[in-house]
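So the structure is just underneath, and the comments pick up after that.
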Amino acid sequence: MSSIKQVQVTFDCVEPERLARFWCEVLGYVVPQPPEGFATWDAYTRSLPSEQRDAWFACVDPSGVGPRLYFQRVPEGKAAKNRVHLDVRVATGLTGEARLAALEAECARLIPLGAVHVRTLYDGDDACIPMLDIEGNEFCLD
């Protein structure tokens with residue numbers, strides 16, 4: 001039997017640090033400590049050749065349970081719907097109006113951060129809210 005592998009979720013984006021910090025707020029993730037020998041991420045970034053500066057950023061689950069999120073700068077913009085997206089699980093175990101209320105509250109928290117509410121899907125029992133992050137990547141509040 002093979003061993004379990006850890007997963008990192010990678011986002012292609014225009015502004016890695018800005019998008020990483022958005023997802024830190026959404027998920028309660030944190031920016032990891034800078035590499036050894038550097039007091040801050042700014043000091044590390046300044047040590048790099050100019051073409052490598054701001055090329056990537058990452059954030060991690062402080063509990064160590066969730067996957068690391070890695071954001072890498074790419075030259076092209078987003079061209080189509082994501083084939084994979086994150087479901088942010090904020091209403092697990094809830095149904096009906098209680099589920100809808102929990103999702104709507106989280107949606108209201110994320111909009112001032114720059115998230116965009118796409119629509120609310122609700123059938124009287126189950127609900128989810130598709131949204132866009134600050135670079136237009138789809139995700140769902142579930």
Side-chain angles (χ1 to χ4, degrees), residues 1-49 51-123 125-142:
M1 179 180 225
S2 65
S3 64
I4 305 268
K5 307 292 189 280
Q6 289 188 346
V7 173
Q8 170 176 283
V9 179
T10 300
F11 291 74
D12 290 349
C13 59
V14 175
E15 296 181 81
E17 183 173 352
R18 181 172 175 249
L19 191 56
R21 291 188 183 281
F22 169 84
W23 281 103
C24 282
E25 289 295 322
V26 172
L27 300 175
Y29 272 38
V30 297
V31 174
Q33 293 296 312
E36 191 171 325
F38 296 93
T40 65
W41 278 103
D42 285 338
Y44 171 75
T45 298
R46 285 192 305 271
S47 76
L48 298 172
E51 67 274 2
Q52 292 179 12
R53 291 181 188 154
D54 303 317
W56 65 273
F57 211 79
C59 59
V60 296
D61 175 353
S63 71
V65 175
R68 178 179 190 243
L69 302 181
Y70 182 81
F71 303 85
Q72 62 187 7
R73 186 179 62 222
V74 295
E76 68 278 357
K78 186 174 180 304
K81 184 180 184 305
N82 299 3
R83 295 288 305 261
V84 174
H85 67 267
L86 299 182
D87 283 344
V88 180
R89 312 283 321 271
V90 298
T92 303
L94 299 176
T95 59
E97 293 295 322
R99 180 174 177 77
L100 182 61
L103 296 174
E104 288 176 334
E106 184 67 1
C107 180
R109 184 182 80 82
L110 299 181
I111 288 172
L113 299 175
V116 175
H117 174 239
V118 175
R119 67 183 166 279
T120 299
L121 303 172
Y122 180 57
D123 67 7
D125 182 46
D126 198 10
C128 85
I129 299 179
M131 300 189 76
L132 302 175
D133 73 13
I134 59 175
E135 287 202 7
N137 300 300
E138 297 88 3
F139 69 98
C140 290
L141 299 180
D142 174 44

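All figures in this text were calculated on a predicted structure; none of them were measured in a lab.
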Measure from the side-chain N and O atoms of [X] to the backbone N and O of [Y], and report whether any donor-acceptor pair falls under 3.5 Å.
X	Y	answer
Arg53	Leu48	yes
Arg68	Gln8	no
Lys78	Ala80	yes
Asp87	Arg89	no
Glu135	Val14	yes
Arg21	Cys59	no
Glu138	Asn82	yes

Decide yes or no on salt bridge (Lys or Arg N to Asp or Glu O under 4.0 Å) for Asp142 and Arg99, but give the supporting numbers first.
CA-CA 9 Å; Asp142 174 44; Arg99 180 174 177 77; 2.6 Å; yes

Least distance between heavy atoms, [X] atom then [Y] atom:
X	Y	result
Leu103	Ala91	CD2-CB, 3.8 Å
Phe139	Val88	CD1-CG2, 3.9 Å
Val26	Arg109	O-NH2, 3.1 Å
Phe22	Leu113	CD1-O, 3.7 Å
Leu100	Ala127	CD1-CB, 4.2 Å
Cys128	Pro130	O-CD, 3.7 Å

Contact check, side chains of Asn137 and Leu19, non-hydrogen atoms, under 4.5 Å:
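Asn137 vs Leu19: side chains touch.
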
Apply side-chain contact (heavy atoms from CB on, under 4.5 Å) to the pair Trp23 and Ile134, showing each step before the final yes or no.
CA-CA 9 Å; Trp23 281 103; Ile134 59 175; over 6 Å; no

Nearest-0.5 Å distance that lies between atom [atom1] in [X] and atom [atom2] in [Y]:
X	Y	atom1	atom2	value
Tyr44	Gln33	OH	CD	14.5 Å
Thr45	Asp54	OG1	CG	5.5 Å
Leu141	Met131	CG	CE	5.5 Å

Can you list the steps and then say if Asp133 with Leu86 is a side-chain contact (heavy atoms from CB on, under 4.5 Å)?
CA-CA 11 Å; Asp133 73 13; Leu86 299 182; over 6 Å; no

Under 3.5 Å, is there a donor-acceptor pair between the Asp42 and Thr40 side chains?
no

Verdict with supporting geometry, Asp12 and Gln72, side-chain contact (heavy atoms from CB on, under 4.5 Å):
CA-CA 5 Å; Asp12 290 349; Gln72 62 187 7; 2.6 Å; yes

Tell me, yes or no, whether the heavy-atom count around Glu51 atom CD, taken from other residues, nucleotides or ligands under 6.0 Å, exceeds 12.
yes

Heavy-atom count around Gln52 CD within 6.0 Å, excluding the residue itself: above 12?
yes

Pair Thr10-Trp56, side-chain contact (heavy atoms from CB on, under 4.5 Å): steps then yes or no:
CA-CA 10 Å; Thr10 300; Trp56 65 273; over 6 Å; no

For the ring pair Phe71 and Phe57, is the centre-to-centre distance below 6.0 Å?
no

